[in-house]
Amino acid sequence: MAGSVWASLGLSLACISALSLCSPVWFQTPTFSFGVLTYCSWPQGNGWNQSCGAFRSLDDIPDFAWKVSAAILLGGWLLSAFNAVLLLSWALAPKGLCLRRGSGPMPGVQAAAATATIAGLLVFPISLDSPFAKEACGTSSVYCSGQCQLGWGYVTAIFSAVLASFLPMIGWPRMTQVQGRTILFSSDTEKSILMPEMNK
């Protein structure tokens, strides 16, 4: 049961990360918005009539810091997706096949995904000093959005990063010593595994 919950959380995080990565609304004005990979424009007062485009490769992205951020965020999403697949496979595996479910590589993979996402989020505002951002936002500069407002895409990415950073801490197995034995508590299996202490 707990394994299925973790698998659902992992899949949800991967989907949220993908949504924010593809969102064209990281920063916006009344007639234009842009994200890591996409951008949109529309007539004043007619937000439903949007014309959108995408950066199809890193070469199309107009600023070096923007390219670095895109690469880091994409790497974080790939790690998050890989973590979700691992969690799903462990949740669906027969109970006897994997006794230490939850103490495997998932916390490390999730922590790496969270770290990459946070790093990408910190690097991206540096690109507000690029000519592309200045044309859209006016007097924008590093970590200053000028006339642009923060959009839901960036907020969603921050939310995803916060959740991803908390999950590894919750998922780490807890260990204690009782009468010369190591007891491994796993929150996923809700079982304790007794491991005899090895003589040195």
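The model shown is predicted, which means the values in this text are computed figures rather than measured ones.
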>> Using every non-hydrogen atom in the two residues, find where Ile61 and Ala70 come nearest and quote the distance to one decimal.
In response: CD1-CB, 3.7 Å

>> On a heavy-atom basis, which atom in Trp66 and which in Val36 lie closest, and how many Å separate them?
In response: NE1-O, 2.9 Å

> To which residues is Leu122 joined in a hydrophobic cluster, defined by side-chain heavy-atom contacts under 4.5 Å among Ile, Leu, Val, Met, Phe, Trp and Tyr, whether direct or through other members?
Replying inline: Ile118, Ile126, Val142, Tyr143

>> Once disulfide bond (SG atoms under 2.5 Å apart) is applied, do any residues pair with Cys52, and if so which ones, sequence neighbours excluded?
In response: Cys40

>> Run the side-chain contact (heavy atoms from CB on, under 4.5 Å) test against Ala14 and tell me which residues pass, sequence neighbours left out.
In response: Ser80, Ala84

Keeping the roles fixed (side chain from [X], backbone from [Y]), state whether a donor-acceptor pair exists under 3.5 Å.
X      : Y      : result
Thr115 : Ala111 : yes
Thr117 : Ala113 : yes
Ser140 : Cys137 : no
Ser160 : Thr156 : no

> Taking only residues two or more places apart in sequence, or in another chain, which ones meet Tyr154 in a ring-ring contact (aromatic ring centres under 6.0 Å, His included)?
Replying inline: Trp26, Phe27

> Tell me the salt bridge (Lys or Arg N to Asp or Glu O under 4.0 Å) pairs involving residues 109-129, sequence neighbours left out?
Replying inline: Asp129-Lys134

>> Under the side chain to side chain donor-acceptor pair (under 3.5 Å) definition, can you give me all pairs with a residue in residues 29-48, not counting sequence neighbours?
In response: none

